[in-house]
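So the structure is just underneath, and the comments pick up after that.
Worth knowing before you read on, the calculation uses all heavy atoms, side chains too, and leaves out hydrogens, waters and symmetry mates. Read the numbers this way: they start at 1 and go in the same order the structure lists the ligands and their atoms.
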Amino acid sequence: MKIGITCYPVYGGSGVVATELGKALAARGHQIHFIAYSMPFRLGSVQENIFFHEVNVNAYPLFEYPPYTLNLTSKMVDVVKYERLDLLHVHYAIPHATSAVLARDILATEGLHVPVVTTLHGTDITIVGRDPSFAPVVSYSINRSDGVTAVSEYLRQETLCCCGGVTAEIEVIPNFIDTRRFRRTNKEHFKQAICPKGEKLLVHVSNFRPVKRAPEVVEVFHRLRSENLPVKLILVGDGPDRVPTEHLARQRGVYEDIRFLGKQEPVEEILSIADVFLMPSGSETFGLAALEAMACEVPVVASNIGGLPELVVDGETGFLCPLGDIEAFTARTREILLDEALHARMAKAARARAVNTFDVRHIVPLYEAYYERVRERMLSHSV
Ligand code: GMT
């Protein structure tokens with residue numbers, strides 16, 4: 001199939017999922033055309049079967065707010081027409097689904113029928129979808145898509161219950177990772193450098209937006225250190241809460257035992273030396289970073305919210321704690337760190353869950369089958 005993929009290329013998990021999906025589809029023989037304002041950062045080196053079409057935004061003086069959505073629409077029309085695409089798959093409702101629906105309708109006037117699949121990821125529903133200044137466009141774009149998927153059952157339900165006016169059928173296709181890439185490898189020299197006295201290591205990876213509640217990771221760490229537990233902490237990523245989190249670490253007197261590494265690739269090397277992964281997020285429709293940790297045999301201690309219970313099996317692959325309950329996070333982390341048998345059991349179960357349920361080889365065929373269904377439905381309607 002020839003598939004156009006649009007996503008936010010620079011920030012966030014939705015762009016990562018879209019890019020990895022495109023790469024996996026290309027490896028399975030499809031031709032993939034990324035249509036975005038810049039090259040998706042996870043795309044890596046040049047690959048056969050993968051093309052990139054940059055959307056340029058016109059700086060016409062009258063446009064105080066250049067209409068990116070329309071530039072994207074025109075680019076979609078062009079790429080579908082000249083590359084003869086079979087389907088457009090857009091990630092994140094706004095504005096990608098809106099542009100794709102409009103492009104499809106323009107193309108239909110020329111007798112070209114290309115279905116639109118929209119994948120909902122998170123804040124496109126939980127924040128943007130609820131904002132009255134976007135809500136009607138979000139629900140219209142979802143309802144007018146030919147196929148809609150959500151990355152968790154939680155997100156499907158949220159869309160249907162709280163995104164006013166959405167009546168579309170939504171298919172749940174969970175996120176995935178390549179467990180051949182995300183696996184625990186021997187990084188003893190690195191562990192030795194970070195934990196020279198054999199300390200245990202906690203890891204948190206996020207974009208440090210307030211929703212990730214990164215300061216709570218420091219609070220948990222501070223409590224464990226106050227009990228004289230030999231433990232260190234690595235924080236990976238960057239964003240608005242990084243400075244407040246560093247400040248808190250200094251205030252609590254634990255800064256010396258923490259490494260703030262900033263943005264890092266490849267994260268699997270850091271996860272390979274971790275003992276526990278902390279995710280105290282206030283909202284998470286899936287929690288891709290937790291899945292990456294699980295694939296690297298790291299038990300996850302996470303908030304019991306959103307889509308996280310669909311990923312982390314409480315008591316088996318880690319623990320789920322009430323949102324904001326620092327005591328519970330501390331107690332559960334301590335439990336895993338102090339009980340070697342429990343740690344080993346959870347590490348093994350976490351890896352098994354990642355491999356058996358969320359590996360790219362299981363999930364990408366679900367998208368392929370879904371594309372076929374959507375295309376057949378459209379073809380049967382257009383004859
Ligand atoms: O909502 C965001 O934080 C951004 C969004 C994205 O588009 O990057 O992240 C969401 O999508 C990820 C990939 O599907 C999920 O793993 C994240 O859980 C989800 N984030 C939230 O729901 C906060």
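In terms of protein heavy atoms, atom 18 (O) of ligand 1 is closest to Glu284 OE2, 2.8 Å. Closest to atom 8 (O) of ligand 1 among all protein heavy atoms lies Gly13 N, 2.5 Å. Thr123 OG1, 2.8 Å is the protein heavy atom nearest to atom 1 (O) of ligand 1. Annotation: atom 19 (C) of ligand 1 to nearest protein heavy atom, Thr285 OG1, 3.3 Å. Closest to atom 7 (O) of ligand 1, if we only count protein heavy atoms, is Ser14 OG, 2.5 Å.
One option in His91, Arg209, His121, Met279 has a heavy atom closer to atom 14 (O) of ligand 1 than any other, and that option is His121. Within the set Val17, Leu288, Thr119, Ile127, the minimum heavy-atom distance to atom 16 (O) of ligand 1 is found for Leu288.
For Thr285 and Ser152, the side-chain atoms include no donor-acceptor pair closer than 3.5 Å.
Taking the six-membered ring wherever Trp is involved, the centroid distance between the rings of Phe51 and His33 falls below 6.0 Å.
Using a 4.0 Å cut-off between heavy atoms, Asn207 makes no contact with ligand 1 at all. When non-hydrogen atoms are compared, ligand 1 lies under 4.0 Å from the side chain of Tyr92 (C-beta onward) but not from its backbone.
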message: Walk me through whether Met346 and Phe319 qualify under side-chain contact (heavy atoms from CB on, under 4.5 Å).
response: CA-CA 10 Å; Met346 286 189 158; Phe319 285 117; 3.5 Å; yes
message: Set out, in order, the CA-CA distance, both residues' side-chain angles and the distance that settles side-chain contact (heavy atoms from CB on, under 4.5 Å) for Val364 and Arg28, then state yes or no.
response: CA-CA 9 Å; Val364 173; Arg28 291 168 70 89; 3.8 Å; yes
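At under 3.5 Å, not a single nitrogen or oxygen of Val211, backbone or side chain, sits near a nitrogen or oxygen of ligand 1. Checking only distances, Lys212 never comes within under 3.5 Å of ligand 1, N or O to N or O. Among the atoms of Gly122, none of the N or O lies under 3.5 angstrom from an N or O of ligand 1. Backbone and side-chain nitrogen or oxygen atoms of Phe286 are examined, and one is located within less than 3.5 angstrom of a nitrogen or oxygen of ligand 1. Backbone and side-chain nitrogen or oxygen atoms of Ser283 are examined, and none is located within less than 3.5 angstrom of a nitrogen or oxygen of ligand 1. By the 3.5 Å distance cut-off applied to N or O atoms, Gly287 is counted among the residues near ligand 1.
Using a cut-off of 4.0 Å between Lys/Arg side-chain N and Asp/Glu carboxylate O, Asp359 and Arg180 are scored as not salt-bridged. Looking at Arg334 and Glu227, a side-chain N of the basic residue comes within less than 4.0 Å of a carboxylate O on the acidic one, giving a salt bridge. Contact check on Glu158 versus Arg130 returns a salt bridge, with a Lys/Arg side-chain nitrogen under 4.0 Å from an Asp/Glu carboxylate oxygen.
The distance from ligand 1 to the heavy atoms of Gly12 drops below 4.0 Å at these ligand atoms: 8 (O). The ligand atoms of ligand 1 that sit less than 4.0 angstrom from a heavy atom of Asn175 are 13 (C), 14 (O), 16 (O).
Side chain of Glu284 to backbone of Gly307: no donor-acceptor contact under 3.5 angstrom is found. Looking at Arg351, its side chain does come within 3.5 Å of a backbone N or O of Thr179 through a donor-acceptor pair.
If you take CD1 on Ile3 and CD on Glu83, they are separated by 13.5 Å, rounding to the nearest 0.5 Å.
A cation-pi arrangement is present between Arg250 and Tyr255 under the rule of less than 6.0 angstrom and at most 45 degrees off the ring axis.
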